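Reading through the structure tokens given below for one structure.
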Amino acid sequence: MVSILIPTYNYNILPLIVKLIEETELLPFKTEIIVIDDASTVLKNSNSDFSLFKNVVFIQLKKNIGRSRIRNRLSEISKFDHLIFLDCDTLPSEPHFILNYYNALKENKVIFGGLAYKPNNDTKYSLRYLYGIKREAVSFNERLKKKTKHFTTANFAIKKEVFNSIKFDENHDNYGHEDTLFSIELLNKGYVIKQINNPVYHLQLDTNKEYLNKIESSSRNLFVYYNLNKINSEDVKFIKYYEFIGKLHLKFIVAFVFKITTPLLFKNLLSGNPKLYVFDFYRFGYLCTLNKKND
């Protein structure tokens with residue numbers, strides 16, 4: 001028995017639902033698909049789109065409740081003990097995607113299937129695509145080497161009792177690091193994140209400018225979590241570097257260099273040929289500009 005849970009916002013989720021239905025119709029166990037639209041400003045779907053599909057529930061919220069609350073809400077509504085969480089802009093790359101998770105959940109409580117990207121040569125999305133293929137779409141063998149490092153909420157399966165014992169932190173709804181915090185809580189409670197070869201394609205890419213805006217939001221979230229002692233240097237490498245330069249009293253110098261070089265950083269990161277080392281400095285430099293007073 002499997003509940004497939006999908007939050008969506010301003011995205012046409014019908015292709016994903018059709019793909020999932022193609023498999024669920026052949027499965028020997030019960031499934032349900034629950035989609036919650038988090039008060040989209042541009043409606044891409046409605047209940048009529050899914051009226052012909054049995055076991056598909058589509059819920060349209062009138063008020064946006066955020067990335068963490070919507071996932072907790074999906075779990076609350078679900079009927080079954082095995083949960084598969086998917087982002088709306090994904091598409092399974094394996095023909096037996098649901099079955100693979102179902103079989104893995106027989107012996108494991110938390111499972112990550114991986115991410116993949118289809119080729120994209122549009123320079124508008126060059127930064128997000130580069131980061132995706134270099135840092136997120138790592139091979140299955142590479143994920144096995146560092147089991148705790150590779151986990152995102154875009155594609156994972158979990159026993160409902162485990163999810164309900166942790167849930168997503170609803171105190172911070174801005175973009176960024178909610179998956180990091182969730183995985184930390186899992187590990188702190190002694191759960192092992194099992195890695196399997198069951199990836200989904202991440203389809204929707206942010207433009208270079210949109211992605212930098214998201215990264216700034218993510219950095220602010222990281223800064224808040226760090227100061228609340230919810231994330232430490234063992235969890236995120238940038239925090240390790242942040243603490244190191246803090247001990248050397250160099251934080252203000254990094255922040256200063258970041259501010260005066262921002263135009264040059266933008267020139268590279270908004271181009272059709274961005275560099276990851278420039279992106280890493282942008283993320284770290286922006287983190288160093290933050291302080292408790294303004295965040």
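Since this is a predicted model, take the numbers as computed values, not measurements.
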* Test Phe279 against Leu212 for side chain to side chain contact (heavy atoms under 4.5 Å, CB included), laying out the working first. => CA-CA 9 Å; Phe279 181 55; Leu212 286 180; 4.1 Å; yes
* Any ion pair linking Asp38 and Arg67 (charged N to carboxylate O, less than 4.0 Å)? -> no
* **Salt bridge present between Glu76 and Lys167 (N-O < 4.0 angstrom)** => yes
Heavy-atom pair with the smallest gap, counting every atom of [X] and [Y]:
X: Pro7; Y: Ile70; value: CB-CG2, 3.7 Å
X: Ile193; Y: Ser183; value: CD1-CB, 4.1 Å
X: Ala104; Y: Asn108; value: O-ND2, 2.9 Å
X: Thr153; Y: Asp87; value: O-OD1, 3.8 Å
X: Asp280; Y: Arg135; value: OD2-NH2, 2.9 Å
X: Tyr242; Y: Ile245; value: O-CG1, 3.5 Å

* Asked: If you draw a 6.0 Å radius around CG in Asp122, do more than 12 non-hydrogen atoms from other residues or ligands fall strictly inside?
  -> yes
Between [X] (side chain) and [Y] (backbone), is there a donor-acceptor pair under 3.5 Å?
X: His177; Y: Asp179; answer: no
X: Asn45; Y: Ile13; answer: yes
X: Asn100; Y: Asn197; answer: no
X: Gln195; Y: Phe140; answer: no

* Please, which pairs that meet ring pair (Phe, Tyr, Trp, His ring centres under 6.0 Å) have at least one residue in residues 58-77, sequence neighbours excluded? -> Phe50-Phe58
* To do: Test Thr152 against Leu115 for side chain to side chain contact (heavy atoms under 4.5 Å, CB included), laying out the working first.
  => CA-CA 9 Å; Thr152 75; Leu115 292 177; 3.9 Å; yes
* To do: Check the pair Tyr226, Glu243 against side chain to side chain contact (heavy atoms under 4.5 Å, CB included), reporting the backbone distance first and the verdict last.
  => CA-CA 11 Å; Tyr226 171 68; Glu243 290 182 339; 3.0 Å; yes
* Asked: How long is the span from the CG atom in Leu99 to the CG atom in Asn198, to the nearest 0.5 Å?
  -> 9.5 Å
* Working to the nearest 0.5 Å, report the span between CG of Leu74 and CD1 of Ile6. => 8.5 Å
Looking at the rings of [X] and [Y], which for Trp means the six-membered one, are their centres under 6.0 Å apart?
X: Phe266; Y: Tyr282; value: yes
X: Phe112; Y: Phe156; value: no
X: Phe97; Y: Tyr101; value: yes

* **Step-by-step side chain to side chain contact (heavy atoms under 4.5 Å, CB included) determination, Thr31 to Glu23** => CA-CA 10 Å; Thr31 63; Glu23 183 181 352; over 6 Å; no
* Asked: Among Tyr117, Tyr125, Tyr131, Tyr129, which one satisfies ring pair (Phe, Tyr, Trp, His ring centres under 6.0 Å) with His202?
  -> Tyr117
* Report the C-alpha separation of Lys159 and Asp81 in whole Å, then their side-chain angles, then the decisive distance to 0.1 Å, and conclude whether the salt bridge (Lys or Arg N to Asp or Glu O under 4.0 Å) test is met. => CA-CA 6 Å; Lys159 294 284 184 68; Asp81 295 330; over 6 Å; no
* Any donor-acceptor N or O pair under 3.5 Å, side chains Ser139, Glu142 -> no
